[in-house]
Amino acid sequence: MRIGVVTFPGSNSDVDSLNAVSVAGVEAVSLWHESPDLQGVSAVILPGGFAYGDYLRAGVIARFSPVMRGVSEFAATGGHVLGICNGFQVLAESGLVPGALLRNRSLRFASKIVAIKPERLDSPFTRAATGEPIRVPIAHGEGCYYADDETLDQLERDGQVLFRYVRPDGTPALDPDDPSNPNGSLRAIAGVCNAAGNVAGLMPHPERMSESILGNDTGMQLIRSLVDSAAEWEAAGRPGPVAGRRVAAIAESVR
Amino acid sequence: MSEFRFAVNVLPKPGILDPQGRAVELSLPHLHVTNVSKVRIGRRAELTVTAPNESEARVVVDGLAKELLSNPLIEVFTVELLEATSSVASTSAAAPSAGAGAAS
């Protein structure tokens, strides 16, 4: 099994992501932005960086690159796609995950370690997580998650919120001005997935905390989740996305 | 064919926090300005569309504004026509139909 990592002009976390995939024991494949051919990979990571210089809006130019045609088709057929930081911005601009990433409320580029907590452990992107808050780096200027109230309610109801920024006591940093909420994200949202549950984006960088030599390997919980989900998807013969509300159904059953 | 010069003005949607606008507002006291409020910061793109007439040119600009220049989730835009000029002469052989630049 192989997992692909896209390199856009301006990507800077592509090599870190390739490394994290390798550390997880899976062959990592570099995918160039000019080709829609995903080379048969079993999952795709859109890495961090500043694709196309982040001109106009972060992620918007990348959205129209040839590789994103391939990624959209891959996602539509049920493949797992994880967008990290700039990759999240690309997914949001592409409409593959809901919402938008606005300029940080502080107007400052935020580069530090933050604590996030998975909202659920039954998603393809969190299945290998412990459920405890994990400390991971962020490095972004436009990470303030925004969607209108109606959409936010729907995302929470359907279990599409995957990660929230949490305070030292583990509770969500819901106040946008809370110091534990590094960018002013609404409802402290750090990561979301699409309705089918196979495409997810988050602002923090799990790949930069994926082995002990980097200070900590807590981020490996998320990389491992992606690897496990991709392997399961391959083993099942690449099933298409369950129409509509797979995530919602799971969320309902958990209640 | 004619050339139509447009400006597309993009602003954050009303109600969406605009930290740049807020930062500018916070600077106003330093300029001893006290009667300015509700500052919103956006972006402006100017572009030229070559098309047979203004309505066809507007279709192109509106499409770009929606698809690329703005994000409808968080921004609103307006389009203004700046200038319309016939480009029949400059494109010479490219326009053998000699269609009189109807809009110019």
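Residue numbers start from 1 in every chain, and the chains themselves are labelled A, B, ... in the order their sequence lines are given, proteins ahead of strands. Quick caveat, the model's predicted, so the values are computed rather than measured.
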Minimal heavy-atom distance between B:L73 and A:G99, with the atoms involved, is CD1-O, 3.4 Å
Determine the minimum heavy-atom distance between B:P19 and A:L107, stating which atoms define it.
O-CD1, 3.4 Å
Answer yes or no: is there a side-chain heavy-atom contact under 4.5 Å between [X] and [Y]?
X      : Y     : answer
A:R103 : B:D18 : no
B:L68  : A:F64 : yes
A:V60  : B:N71 : no

Cut-off 4.5 Å, heavy atoms of chain B, and the answer for A:L56 is both
Segment of A:N104 engaging chain B (4.5 angstrom heavy-atom cut-off)
backbone
Quick check: does any side chain N or O of A:R105 sit under 3.5 Å from a backbone N or O of B:L17, one acting as donor and the other as acceptor?
no
Within this structure, what is the NZ-CG distance for the pair B:K13 and A:D148, rounded to the nearest 0.5 Å?
7.0 Å
Using non-hydrogen atoms only, which part of B:I16 is less than 4.5 Å away from chain A: side chain, backbone, both, or neither?
side chain
Around A:R108, counting heavy atoms of other residues, nucleotides and ligands shown, do more than 12 lie under 6.0 Å from its CZ?
no
